[in-house]
Amino acid sequence: MMSCDAPGSTPLVGEISSLVSQGARRYCAPDGLRPKSLRSVISAKESRIVAAGASDAGLAGAPAARFSEEVGEPGASVRHCNLCGARTAVRVPESDHLPRHVCTACDHVQYLNPRIVVGCIPEAPDGRVLLCRRRVAPQNGLWTFPSGFMELGETTAQGASREALEETCADVAVGTLLAIINVHRVAQVYFVYRAKLLGSHHAPTSESIETRLIHEDEIPWPELAFPSVWHGLKHYFADRSCGAELVHTMDLVVPH
Ligand SMILES: [Zn+2]
């Protein structure tokens with residue numbers, strides 16, 4: 001049970017970071033659409049959560065409702081070498097101990113690693129937090145705090161700020177780290193930050209049906225998009241109730 005007393009980028013990277021920032025701003029223009037090239041294309045499939053919680057086992061009581069997590073389809077992206085285009089084969093390369101996708105022509109190794117998801121919980125001066133309803137699959141129509149895949153050329157905090165802008169049109173000041181959540185079944189790691197809402201503007205985007213400032217006792221818990229959102233918000237309000245700003249770590253277990 002959690003308690004209150006618990007304890008120089010390269011030019012290329014800089015260029016990419018600038019493009020991502022410009023894309024996020026353009027995304028909030030009245031008729032703006034974020035260029036697809038600025039966001040990694042992912043596919044998704046549904047999973048069901050059966051258990052959650054490791055170091056913060058006291059918050060393992062996420063509702064047994066149906067959840068899904070975004071997951072890439074790595075097989076589709078590595079059938080061909082991204083250097084020469086030849087077919088790949090799965091084998092253990094020299095000086096490695098795990099099977100990898102290796103090019104059959106040039107021996108280039110294409111590594112698959114977990115994706116980082118960055119997000120934040122923006123709080124208004126009156127204590128309400130900014131949530132949005134997803135316009136995109138999976139979990140279309142369900143609620144989340146702004147979050148999404150980290151982009152090249154940005155830090156986790158910068159990514160959290162960018163996602164807030166992209167999904168809610170809100171400017172935020174990202175604060176302390178709230179939680180690191182492993183969803184290893186789908187190869188994702190969440191970095192969730194506390195944040196302050198700057199100004200009062202927020203609005204739907206092409207990724208969000210609705211944005212809303214919500215009091216703690218009005219959070220639509222059964223309508224949250226992902227278990228990571230549920231746990232992030234639970235940690236946030238538990239800490240806030242006692243003036244703490246802890247960093248929580250947990251593993252969410254999603255079955256095959
Ligand atoms: Zn190749």
Side-chain angles (χ1 to χ4, degrees), residues 8-27 32-48 68-119 134-140 146-163 165-167 180-192 206-207 226 228 251-256:
S9 60
T10 65
L12 175 60
V13 169
E15 184 179 341
I16 293 172
S17 179
S18 174
L19 286 170
V20 169
S21 176
Q22 291 170 27
R25 292 284 168 187
R26 190 156 53 242
Y27 188 68
L33 288 177
R34 184 170 49 159
K36 287 186 178 179
S37 61
L38 293 179
R39 185 167 181 86
S40 56
V41 177
I42 63 159
S43 56
K45 68 179 183 182
E46 289 198 339
S47 302
R48 179 183 292 272
S68 72
E69 296 282 354
E70 289 180 302
V71 58
E73 297 289 352
S77 63
V78 292
R79 290 195 188 101
H80 296 87
C81 176
N82 59 12
L83 292 185
C84 74
R87 295 286 297 196
T88 61
V90 177
R91 65 179 175 84
V92 179
E94 286 186 32
S95 15
D96 203 340
H97 65 287
L98 293 174
R100 311 286 186 187
H101 291 81
V102 183
C103 178
T104 55
C106 72
D107 289 331
H108 175 63
V109 181
Q110 298 186 168
Y111 294 95
L112 297 177
N113 300 102
R115 294 170 186 244
I116 296 174
V117 180
V118 288
R134 293 171 60 83
R135 190 189 290 273
V136 295
Q139 305 298 69
N140 193 330
S147 60
F149 288 111
M150 186 178 181
E151 300 282 3
L152 296 175
E154 65 184 12
T155 67
T156 51
Q158 289 169 341
S161 175
R162 173 186 50 76
E163 287 292 342
L165 185 63
E166 289 179 347
E167 297 189 350
I180 300 174
I181 304 174
N182 288 291
V183 194
H184 51 279
R185 171 71 182 99
V186 294
Q188 294 178 359
V189 182
Y190 282 73
F191 286 77
V192 183
S206 62
E207 291 186 8
F226 304 112
S228 49
D251 301 333
L252 292 180
V253 180
V254 182
H256 291 265

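When reading the values below, keep in mind they use all heavy atoms of this one structure, side chains included, and skip hydrogens, waters and symmetry mates. Numbering of ligands and ligand atoms starts at 1, following listing order.
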Can a salt bridge be assigned to the pair Arg91 and Asp107 using a cut-off of 4.0 Å between side-chain N and carboxylate O?
yes
In degrees, rounded to 10 degrees, what angle do Cys81 atom SG and Cys106 atom SG make at the Zn ion (ligand 1)?
110°
If we only count heavy atoms from C-beta on, is the Val78 to Arg100 side-chain gap below 4.5 Å?
no
Angle subtended at the Zn ion (ligand 1) by SG of Cys103 and SG of Cys84, to 10 degrees?
100°
Answer yes or no: is there a side-chain heavy-atom contact under 4.5 Å between Tyr111 and Asp96?
yes
Does His108 bring an N, O or S atom to under 2.8 Å of the Zn ion (ligand 1)?
no
Is there a side-chain contact between Val117 and Phe191, using heavy atoms and a 4.5 Å cut-off?
no
